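Beneath this line is the structure, given in structure tokens, with notes to follow.
If you're wondering where the values come from, they're calculated on a predicted model, not measured in any experiment.
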Amino acid sequence: MDGDGKTVSREELRVLYSLADAKLENNQFKFDTNLEIDGNSGLEQATDKEVNTIIRNLVPKSELRKRIETIDTSKYNRRKSFADKVQSNDIDEVMLALKDKLSVGINKSTGKPLSVVQAVLMLEQCVDKTHDYGSGCKMFTRMTGIPASDFSRLRCMGDGDSFTLGDWKYDRGHMTNGKTGETLELDRVFWRNTTTHTVPASDGYFTYIQSYDDGNGTKLQFKYGDDENIAPTSASVTVNNETKMINYNQKLRVDPDVYNFLEK
């Protein structure tokens, strides 16, 4: 059930009919031969966890492994203010707004804007390939056209890294933009494909956006409540001194560029 109302696949129909056929009796689903949808049907009563369990059991593993997508940006109003975008309960819209807002420049190798969060991952990858911090920065700049420098270990091994990317400075997960006053808290991790329904379904490197402050009163604090999915499950969003909690639907597919993932 990918949310695309224009197409219905065989696998989606199998899940739909299975849910519709199940009755909830004494908090357990009972399957019968009568297709009847009412307030006591599995379709009405199933939780997200139960729906996903049925999906994992009915949909072929080859189909489940296709958990990468490119977000269709045409469905979003790109003229909305940033504050309005981040108050959406559509996590794709929120993450896309952050990607646009956090652009560090145009990546000359793709001709597209590059988020500073994704740039952090790419720079790390360059350093791994060259086995040298200075050479890694030069490789990144040659590849993207975006300046990177001052990459060095802090204090001792294990303390973390520090470097600059355009106008951004990175120091052990804390990023600041001296021109705009923006701040970011990040956490870089190695991502493992551990189950048949891990999203994304491959090993790689992932950067969590823990929090963001635009320096003008708009703040986001993300919560990641699913160890097998890189998408946030909820966020605390502050706009105009008003804070509210927003819950997001579980993601079954993610856009790696928007969710800051690089496959190994």
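Taken from OG1 in T164 to CG in D171, the straight-line distance is 12.0 Å, to the nearest 0.5 Å. Taking CD1 of I146 as the start and OG of S103 as the end, the distance is 7.0 Å to the nearest 0.5 Å. With rounding to the nearest 0.5 angstrom, the CD atom of E228 is 5.0 Å from the OG1 atom of T194. The line from NZ of K129 to OG of S135 is 14.0 Å long, rounded to the nearest 0.5 Å. The structure places CG of L123 at 9.5 Å from OG of S149, a figure rounded to the nearest 0.5 Å. S162 OG to K169 NZ: the interatomic distance, rounded to the nearest 0.5 Å, is 10.0 Å.
Looking at P232 and I91, their side chains come closer than 4.5 Å, going by heavy atoms from C-beta outward. K244 places a side-chain heavy atom less than 4.5 Å from the side chain of I246. Residues V94 and V237 have side chains not in contact (no heavy-atom distance under 4.5 Å, counting atoms from C-beta outward). With a 4.5 Å cut-off on side-chain heavy atoms, T180 and D167 do not count as touching. Residues L186 and I209 form a side-chain contact, since some pair of their non-hydrogen atoms from C-beta on lies under 4.5 Å apart. No side-chain heavy atom of D226 sits less than 4.5 Å from a side-chain heavy atom of V199. Between L165 and Y170 there is no side-chain heavy-atom pair separated by less than 4.5 Å. Residues Y205 and W191 are not in side-chain contact: their nearest non-hydrogen atoms beyond the backbone lie 4.5 Å or more apart.
Heavy-atom neighbours of D227 CG from other residues, nucleotides or ligands within 6.0 Å: at or below the threshold of 12. Applying the 6.0 Å contact sphere to NZ of K223 captures no more than 12 heavy atoms from other residues, nucleotides or ligands. Heavy atoms from other residues, nucleotides or ligands lying under 6.0 Å from NZ of K75 number more than 12. With a 6.0 Å radius and a threshold of 12 heavy atoms from other residues, nucleotides or ligands, N240 has its CG atom at or below the threshold.
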Run the numbers on T218 and T238 for side chain to side chain contact (heavy atoms under 4.5 Å, CB included), then give the verdict. CA-CA 5 Å; T218 299; T238 301; over 6 Å; no
Test log, rule side chain to side chain contact (heavy atoms under 4.5 Å, CB included), inputs N107 and Q118: CA-CA 11 Å; N107 182 352; Q118 191 77 353; over 6 Å; no
Pair F222-L98, side chain to side chain contact (heavy atoms under 4.5 Å, CB included): steps then yes or no: CA-CA 12 Å; F222 289 107; L98 279 172; 3.6 Å; yes
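If you chain together hydrophobic residues whose side chains sit under 4.5 Å apart, Y248 and I230 fall into the same group. M122 and M139 end up in different hydrophobic clusters when Ile, Leu, Val, Met, Phe, Trp and Tyr side chains are linked at under 4.5 Å. No chain of hydrophobic side-chain contacts below 4.5 Å, direct or via other Ile, Leu, Val, Met, Phe, Trp or Tyr residues, connects I106 to M143. Put simply, V239 and M245 are part of two different groups of oily side chains (I, L, V, M, F, W, Y) that touch within less than 4.5 Å, one to the next. The cluster map of Ile, Leu, Val, Met, Phe, Trp and Tyr, joined by side-chain heavy atoms under 4.5 Å apart, puts V117 and M175 in the same cluster.
Between C126 and G136, the shortest heavy-atom contact is CB-O, 3.4 Å. Minimum heavy-atom separation, K179 to N177: N-OD1, 2.9 Å. N229 and A231 get closest at one heavy-atom pair: OD1-N, 2.9 Å. Residue G225 comes nearest to T233 through the heavy atom pair N-OG1, 3.1 Å, listed as atom of the first residue, atom of the second, then distance.
In this structure a side-chain-to-backbone donor-acceptor pair under 3.5 Å is present from K108 to R142. Between the side chain of D203 and the main chain of N193, a donor-acceptor pair closer than 3.5 Å is present. Using a distance-only test at 3.5 Å, with no hydrogens or angles considered, a donor-acceptor pair links the side chain of Q87 to the main chain of A83.
Residues satisfying the side chain to side chain contact (heavy atoms under 4.5 Å, CB included) criterion with K101, sequence neighbours excluded, are F82, E182, Y212, D214. Take N247 and apply the side chain to side chain contact (heavy atoms under 4.5 Å, CB included) test, not counting sequence neighbours, and it matches S234.
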Residues 255-264, side-chain donor-acceptor partners within the protein, below 3.5 Å, at least two apart:
residue, atom, partner, partner atom, Å
D255, OD1, D257, N, 3.0
D255, OD2, I71, N, 2.9
Y259, OH, D92, OD1, 2.6

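When each of Q210, Q221, H174 is checked for a side-chain hydrogen bond (donor to acceptor under 3.5 Å, both in side chains) with E185, only H174 meets the rule.
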